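First up is the structure itself, then whatever we jot down about it.
For the numbers below, each heavy atom of this structure counts, side chains included, while hydrogens, waters and symmetry mates do not. What you are looking at is a predicted structure, and each value in this text was computed from that prediction instead of being measured. Sequence lines set the chain letters: A, B, ... in the order given, protein chains first and strands last, and positions in each chain run from 1.
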Amino acid sequence: MVKHKSRVEQAPQPQQEAQQRADRIQAFWQEMEALEQEQALVLPEDQRRALRVYHDHLLSSFSRQFEVDTTKVQKQLSLGMRIVSLLGAMAFSTALFFFMYHFWGNFSIPVRVAILMTTPLLVTVAVELTARRERILYFAPMLGLLAFTGLALNLYLFRELFNLTPSAAGLLALAAFAFILAYTYNLRFLLIAGLISFMCYLSASFGAFRGGYWLSLGQRPEDFILAGLIIAALSVAPQQKYPAFPRVYRVVGLLAVFLAILFLASYGHLSYFPFSHQRVEHFYQVAGFVVAGGVIWLGVGRRLQDVVILGNVFFVIFLYTRFFAWWWDWLPAYLFFLILGAAALLILFYLKWLRRLTQEPRP
Amino acid sequence: MRRYGFLGAILFLLLVNAVLFFRVAYNRWGVPQERITLTGREIEMEGGVYQPGTKMVERKRPTSIRLKYSHSCPWFDAAKLESIGFDCRVPSDKDAFLYDLKVRPRRTFAVLEYEGRAYETWRHETEEKIEDLEDKWKRGEIKSDSYLKDMKDSLVSNTRLFPIDVGNDPGVLRQRYPDRRRLMIAPVVARMISGGAHGAHPQGTISLQVNSIYLSDPQRTRLAEILRQLQANKGKPDYPGGWLAPEQRRRLRFTICYGRTYEPWVEDISLQGEPP
């Protein structure tokens, strides 16, 4: 027992690794019970007991050290807590916005400036204090997003109070602050907020570089394609301490690329290309399939599940939007849906083939 | 790492606010680039606070003002648009109607003339239209005189601030238009409208980049006092400027300045004819 304890506690593991190990232990004992029932493998009682004790000790140690979920119910509750944390953050941020909006006119300018400056500062202090008390962060992300909203209001209302010209640098400041919080406390919500702000800043800068007014950043979706590719490419940067972050970079970046292509496939006149809008739309309709296919291929090759899922989802969306555009007006409804069903079957066969392709070779 | 990150976040927030304060101070430091005094005709006062849940707008003291300027820019043609960087080659095919959506607005500078030749031209044209409408009204050719009344009202209440030129360099514009008393140079966002048809002549429009100008606390109090004074015998609610008669509006004076970074502020608010 003592030997087990020292071995476990000598090697502290990050929370994600501990959770993965706990999941493996649970799966192992489920399989072990099935094997015993089928009489395929029966361990001697003393070995079984020793293994059980070792695993129980390991799980309780993980639970104590990292607050990992050791049962299915705990896991479901954790997921629920994360969702509640996100919803709470959104609700608190909205409350902060309306609080400012509601009482704003009653305060003198020095009081307003003091409120604007201290709100994000105080909430950031609250993030630190909460993070010190939590082993798994549920309240800290909520407060982190609140601090982010506080800074956004700080920038926006300060600009309004002193009649400053809107500037894209505000987006960069928001992104930098979100990155600092995300990397300090390992917060994915904040990383997403930071990446979206950074992507908007990049798009605005590309537009401004070509002489346009930066606030018209959504007018050329191609700017988002470039910004999304840059964000997705950043996912290859080594981030050993933050194993979940590269996935966030990939998903946010690729999502921007896919959404921009989807938009341009229907609204070609917003493109930089000096061709007719029909030609541009046809180009992006084809590009949508090519990029989705390429993303699936890349995801399969590098064993990136999130990339494969995203590629598949957008492949289907591109396909179905095309079907709708091509056939809805002139095909009878029954035939249209029949074609959709047939397409779904083909996609299923294709995914099955893909699944076989990605299967690990058996030893 | 966490401690450094926390300190970094705090320092970053302080730095962001320091930059904001520096920007304000730098803009207002020294002699303003522009200083012009306008009347209440050229100014719209803002101060309503929407209260969600109560479906009402709470009337407060005016918190900010908005410059009222004419949106008519007949001089802003294709050549002028090209001079500030717009590509005016409207496609010759059926894509022409989509071209306006494609063209991005651009940041530039506009010269706004107060009570100058552009205003006189507009006034002259409006007076001619009024004469014409009065004749038609007398002859019974028009059934309602509401449009005629609106036109007459516009002569005494419309803004006298008219944009007369644009350019990317405010220094060059100032050399070309040296009268600082009547001509103000302000940053604007210019947009191109091609009319949506091939062969149509592209036209430019402008909107001030910072139009809502916040008042300082003493200015809010001062403006509220002036408005109370003007509305004292009217028995109307104390709302920023909404029910001021044109002759009362004309008595209001607002001195607007633009600083080093061409960001505006209100320097002074006064009432003409008020004892000092």
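- No side-chain heavy atom of B/W265 sits less than 4.5 Å from a side-chain heavy atom of A/F162.
- When ring centroids are compared, B/F21 and A/F158 come within the 6.0 Å threshold.
- Options A/L215, A/L270, A/N154 differ in how many heavy-atom pairs under 4.5 Å they form with chain B, and the most are formed by A/N154.
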**Trace of the side chain to side chain contact (heavy atoms under 4.5 Å, CB included) decision for A/Y213 with B/R106** = CA-CA 5 Å; A/Y213 183 43; B/R106 299 179 83 92; 5.8 Å; no
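- The aromatic rings of B/F12 and A/F177 sit parallel, their planes meeting at an angle under 30°, below the 60° perpendicular limit.
- Looking at A/F179, there are no atoms closer than 4.5 Å to chain B (heavy atoms on both sides), in backbone or side chain.
- Of the atoms belonging to A/L121, heavy atoms from both backbone and side chain fall under 4.5 Å from chain B.
- Within residues 78-87 of chain B, no residue has a heavy atom under 4.5 Å from a heavy atom of chain A.
- At most 12 heavy atoms of other shown residues, nucleotides or ligands fall within 6.0 angstrom of atom CZ in A/F139.
- Judged by distance alone, with hydrogens and angles left aside, the side-chain atoms of B/R104 form no donor-acceptor pair with the main-chain N or O of A/Q219 at under 3.5 Å.
- In terms of heavy-atom pairs under 4.5 Å with chain A, the best-connected choice from B/T261, B/I10, B/L13 is B/L13.
- More than 12 heavy atoms of other shown residues, nucleotides or ligands fall within 6.0 angstrom of atom CZ in B/R260.
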**Prompt:** When you look at A/E160 and B/S64, which way does the side chain to side chain contact (heavy atoms under 4.5 Å, CB included) test go after all the steps?
**Reply:** CA-CA 10 Å; A/E160 209 174 57; B/S64 56; over 6 Å; no
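- Interface remark: A/L174 contributes no atoms to any contact with chain B (heavy atom separation under 4.5 Å).
- Between B/G5 and A/I180, the shortest heavy-atom contact is O-CG2, 3.5 Å.
- The minimum heavy-atom distance between A/N163 and B/P264, with the atom names listed, is ND2-O, 3.0 Å.
- Here the side chains of A/L164 and B/V24 are in contact, with some heavy-atom distance below 4.5 Å.
- Contact of A/R112 with chain B is made through the side chain alone, with heavy-atom distances under 4.5 Å.
- Looking only at atom types and distance, the side chain of B/Y214 has no donor-acceptor partner in the side chain of A/R159 under 3.5 Å away.
- Within residues 26-42 of chain B, the residues having any heavy atom under 4.5 Å from a heavy atom of chain A are, by residue number, B/R28.
- Heavy atoms of A/S167 lying under 4.5 Å from chain B belong exclusively to its side chain.
- For B/D217 against A/S108, the heavy-atom pair with the smallest separation is OD2-CB, 3.1 Å.
- In this structure, B/L215 CG and A/I109 CD1 are separated by 8.0 Å, a value rounded to the nearest 0.5 Å.
- The contact between B/V103 and chain A is made entirely by backbone atoms, counting heavy-atom distances below 4.5 Å.
- Heavy-atom neighbours of A/Y201 OH from other residues, nucleotides or ligands within 6.0 Å: at or below the threshold of 12.
- Without hydrogens or angle criteria, B/N17 side chain to A/M117 main chain gives no donor-acceptor distance under 3.5 Å.
- Among A/L181, A/V125, A/L155, the residue making the largest number of heavy-atom pairs under 4.5 Å with chain B is A/V125.
- For B/R253, the CZ atom is densely surrounded, since the number of other residues' heavy atoms within 6.0 Å is greater than 12.
- No donor-acceptor pair under 3.5 Å is formed between the side chain of B/Q209 and the backbone N or O of A/T165.
- Contact record, B/V210 with A/P166: CG2-CD, 4.5 Å, taken as the closest heavy-atom pair.
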